[in-house]
Number of protein chains: 2
Amino acid sequence: MNIGEAAAASGVTAKMIRYYESIGLLPEAKRSENNYRVYDARDVHTLRFIKRARSLGFSMEETTKLLQLWQNRARTSAEVKQVALAHIEDLETRIENLQAMANTLRHLASCCSGNERPDCPILDDLAGKTRKEMESQNE
Amino acid sequence: MNIGEAAAASGVTAKMIRYYESIGLLPEAKRSENNYRVYDARDVHTLRFIKRARSLGFSMEETTKLLQLWQNRARTSAEVKQVALAHIEDLETRIENLQAMANTLRHLASCCSGNERPDCPILDDLAGKTRKEMESQNE
DNA sequence: GCTTGACCTTCCAATCATGGGAAGCCCTAT
DNA sequence: ATAGGGCTTCCCATGATTGGAAGGTCAAGC
């Protein structure tokens, strides 16, 4: 199985397979006489594992850790769970940050008439104008 | 006002101020006889505008657009609102993606005993095991 | 046999926004 | 005079991925 077939079977691009090998996430693939990388079903399984982990937002570092645990029969589920819980916490932090942004922007947008006039509470906020300054804009 | 003072006054690092200038977000700063960049209160105001926009998650490209609108008296609030609404949509998409990841992981983690044994539903999911395969693991 | 095209190989560069650091100039205080 | 701090430019690194160039290899069709 060439890299292209492995890519098609796993959903990971050939480029990324080579990259994963280069950073040591995957062991060096065997080579055919033509110097082509050769893969088997087990490699494809590993690639899908990586793809699934990445799609759940795990970093390459976390994915490496998970892959090692997967391949280690002496692992404990506690170790795996710890990685997952840490990642959940990271996701929740990021979600909260994004939601705070979205909430602020929704509020500002709802205050913006969105018409042909130039005055805009969104820009006023970005410009650091206080409510007080806003109210006394005729000074 | 030197770049260090402008940085302290705006909360934008000197490094980033130079970067913003290099990509054209900021015009080239005037120079003192020593070739030091010179800033005034207006520049600091602009830097804070940028910082606030970035903190609301706007990309550099969107920030550039907002800055142009801010500095353009002929703008309409509709233009500003459009940028904001597009960004809100982007944020919401990202939030949904992260939440889907978090939900999946929370479910998997809740199914994981997190003990000393190696069997782990989190790894099973990453490995692509179906529920059916899980139930018949004694085969 | 020779060309074409689809693979594969390695290596280098770009992305986005930011941080780190080197080498060297300028100014002030001791 | 020397030490220090700030300024200058330039290059490099991040994380994960994509793009591309230059060249080797293989199969099919002429």
Side-chain angles (χ1 to χ4, degrees), chain A residues 1-26 28-40 43-44 46-67 87 90-91 94 97-98 101, chain B residues 1-26 28-40 43-44 46-67 87 90-91 94 97-98 101:
Chain A
M1 201 183 210
N2 283 343
I3 197 169
E5 300 168 276
S10 66
V12 178
T13 63
K15 211 111 197 184
M16 289 311 298
I17 297 175
R18 292 192 200 97
Y19 171 69
Y20 291 158
E21 180 181 321
S22 80
I23 63 169
L25 176 56
L26 298 174
E28 294 198 3
K30 286 172 199 158
R31 301 298 182 113
S32 71
E33 41 184 54
N34 325 325
N35 197 32
Y36 286 11
R37 289 176 180 79
V38 176
Y39 299 92
D40 61 20
D43 297 318
V44 170
T46 300
L47 286 169
R48 283 206 233 174
F49 181 100
I50 294 168
K51 198 189 177 202
R52 174 75 175 144
R54 299 283 304 122
S55 80
L56 286 175
F58 287 105
S59 68
M60 292 302 309
E61 199 179 346
E62 290 166 322
T63 301
T64 303
K65 177 78 178 161
L66 290 170
L67 195 54
H87 181 45
D90 180 39
L91 288 171
R94 282 151 65 190
N97 286 338
L98 295 180
M101 294 175 189
Chain B
M1 202 182 209
N2 284 342
I3 196 169
E5 299 168 277
S10 66
V12 178
T13 64
K15 210 113 198 182
M16 289 313 299
I17 297 175
R18 292 192 200 96
Y19 171 68
Y20 291 157
E21 180 181 322
S22 78
I23 62 169
L25 176 55
L26 298 174
E28 293 198 5
K30 285 172 200 160
R31 302 296 183 116
S32 70
E33 40 183 55
N34 324 326
N35 197 32
Y36 286 11
R37 288 175 181 81
V38 176
Y39 299 92
D40 61 20
D43 297 317
V44 171
T46 300
L47 286 168
R48 283 205 235 176
F49 181 99
I50 294 169
K51 198 190 178 202
R52 174 75 176 146
R54 299 283 304 123
S55 79
L56 287 175
F58 287 105
S59 68
M60 292 302 308
E61 200 179 346
E62 290 166 322
T63 300
T64 303
K65 178 79 178 159
L66 290 170
L67 194 54
H87 181 44
D90 180 39
L91 288 171
R94 282 152 64 189
N97 286 338
L98 295 180
M101 294 176 189

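In what follows, chains carry the letters A, B, and so on, assigned in the order in which the sequence lines appear, proteins first and then strands, with residues in each chain numbered from 1.
- Of all nucleotides listed (D:dC7, C:dA17, D:dT17), C:dA17 comes nearest to the side chain of B:R54.
- As a whole-Å value, the separation of A:D90 CG from D:dG15 P is 14 Å.
- Residue A:R31 places at least one side-chain N or O closer than 4.0 Å to OP1 or OP2 of C:dT10.
- Checking the phosphate oxygens (OP1, OP2) of D:dC26, no side-chain nitrogen or oxygen of A:Y36 falls inside 4.0 Å.
- Distance, B:I50 CD1 to C:dT18 C1': 15 Å, rounded to whole Å.
- Contact annotation: A:T13 reaches the phosphate of D:dT18 (side-chain N/O to OP1 or OP2, under 4.0 Å).
- The residue among B:E33 and B:S59 whose nearest nucleotide of DNA chain C lies closer to the 5′ end is B:S59.
- Between the CE atom of A:M16 and the P atom of D:dT18 there is a distance of 7 Å, given to the nearest Å.
- The separation between B:I23 atom CD1 and C:dT15 atom P is 12 Å, rounded to whole Å.
- Although no hydrogens or angles enter the test, the distance criterion places no donor-acceptor pair under 3.5 Å between the side chain of B:H87 and the main chain of B:E62.
- Rounded to whole Å, the distance from CZ on A:R37 to P on D:dG24 is 17 Å.
- One finds the OG atom of B:S22 at 8.5 Å from the CE atom of B:M16 (value rounded to the nearest 0.5 Å).
- Within the 4.5 Å cutoff, no side-chain heavy atoms of B:I17 are placed close to those of B:E21.
- Between B:R37 and B:E28, none of the side-chain N atoms (NZ, or NE/NH1/NH2) sits under 4.0 Å from a carboxylate O, so this pair counts as no salt bridge.
- Considering only side-chain N and O atoms, B:N34 lies under 4.0 angstrom from the phosphate OP1 or OP2 of C:dC27.
- A straight line from CD of B:E21 to C1' of C:dA17 spans 17 Å, rounded to a whole angstrom.
- Judged by distance alone, with hydrogens and angles left aside, the side-chain atoms of B:D40 form a donor-acceptor pair with the main-chain N or O of B:D43 at under 3.5 Å.
- The base of C:dG19 does not come close enough to the side chain of B:Y19 for any donor and acceptor atom to sit less than 3.5 Å apart.
- Under 4.0 angstrom from either OP1 or OP2 of C:dC11 there lies no side-chain N or O belonging to A:R18.
- Atom-to-atom, CD of B:E62 to P of C:dC16 comes out at 13 Å; the value is rounded to the nearest Å.
- As a whole-Å value, the separation of B:N2 CG from C:dC25 C1' is 14 Å.
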